[in-house]
J.: 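I'd like to ask some things about the structure below.
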Amino acid sequence: MRFIENAVPISYEYQGFWGSFWDIIWWFLWIFFFMAYLFALFAVIADLFRDHKLNGWWKAVWIIFLIFVPFLTLLVYLIARGNGMAKRSAKEASEIQTAQDAYIKSVAGSASSPADEIAKAKALLDAGTITQAEYDALKTKALG
């Protein structure tokens with residue numbers, strides 16, 4: 001009993017912001033590694049479903065191993081299939097860029113020269129669709 005009475009109590013005392021500075025750094029480090037792991041995990045899962053050459057059963061096996069042995073499976077996948085992963089990602093980015101360019105071209109319409117615009121307006125004037133005043137306005141707009 002005598003030892004217990006003379007024992008120095010051990011307690012953690014808050015020492016302000018600078019006293020816990022390294023605790024904050026430690027938490028930020030853990031958060032960084034966890035976020036990096038999540039990004040890599042979701043990239044691998046997305047790549048699994050993007051790969052059309054891989055059998056569905058193999059995809060299921062990879063997912064099961066990612067659930068039960070996450071870090072090791074993630075490293076093995078990145079080492080074994082990382083090159084193909086980069087190629088599939090580049091191919092998808094290229095397809096998206098091509099689709100975006102095609103969409104922009106379809107929405108923007110074709111750019112025609114002032115001579116083409118005047119020729120179209122002349123054809124409308126000759127057909128009697130527009131009046132001489134409208135033709136002159138279109139011609140001025142095309143040249144202006």
J.: Taking 4.0 angstrom as the limit, do D116 and K120 come out as a salt bridge?
T.: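 No, D116 and K120 are not salt-bridged.
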
J.: Mind listing the side-chain donor-acceptor pairs of residues 74-81 below 3.5 Å, one per line with the distance, residues two or more places apart or on another chain?
T.:
unit_1	atom_1	unit_2	atom_2	d
Y77	OH	D47	OD2	2.4
Y77	OH	R81	NE	3.3
R81	NH2	D51	OD2	2.3

J.: Applying the 4.5 Å side-chain criterion to the ILVMFWY set and letting contacts propagate, would F71 and F68 be lumped into a single cluster?
T.: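 Yes; tracing contacts between hydrophobic side chains, which count when under 4.5 Å, links both residues.
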
J.: Are any of the side-chain heavy atoms of F28 and I24 separated by less than 4.5 Å?
T.: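 Heavy-atom side-chain distance check passes, below 4.5 Å.
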
J.: Report the residue from I64, V69, I63 that forms a side-chain contact (heavy atoms from CB on, under 4.5 Å) with I67.
T.: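 When I64, V69, I63 are each tested with I67, the side-chain contact (heavy atoms from CB on, under 4.5 Å) holds only for I63.
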
J.: For the CG atom of L72 and the CG atom of L66, what is their distance to the nearest 0.5 Å?
T.: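 Reported value, rounded in 0.5 Å steps: 10.5 Å.
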
J.: For F65, does the CZ atom sit with more than 12 other heavy atoms under 6.0 Å from it, leaving out its own atoms?
T.: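 Count not over threshold, so no.
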
J.: Rounded to the nearest 0.5 Å, how far does CD of Q132 lie from CD of E134?
T.: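 Taking CD in E134 and CD in Q132, the distance rounds to 10.5 Å.
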
J.: Are L54 and F42 joined in one hydrophobic group, where the rule is that I, L, V, M, F, W and Y side chains link up if heavy atoms are under 4.5 Å apart?
T.: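 Per the 4.5 Å side-chain linkage, L54 and F42 are co-clustered.
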
J.: Given 3.5 Å as the limit, does a donor-acceptor pair link the side chain of S89 with the main chain of M85, or not?
T.: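 Side chain of S89 to backbone of M85: no pair is present.
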
J.: When clusters are formed by joining ILVMFWY residues with side-chain heavy atoms under 4.5 Å apart, either directly or through shared neighbours, do L124 and L143 land in the same one?
T.: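 Yes, L124 connects to L143 through the hydrophobic network.
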
J.: Tell me whether the rings of Y37 and F34 are parallel (<30°), tilted (30 to 60°) or perpendicular (>60°).
T.: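 Y37 vs F34 ring planes: tilted.
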
J.: Does the pair W58 and W62 meet the rule for a ring-ring contact (aromatic ring centres under 6.0 Å, His included), with working shown?
T.: CA-CA 6 Å; W58 282 111; W62 277 111; 8.1 Å; no

J.: Just wondering, more than 12 heavy atoms not from K91 lying within 6.0 Å of its NZ?
T.: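 At most 12 heavy atoms, drawn from other residues, nucleotides or ligands, come within 6.0 Å of this atom.
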
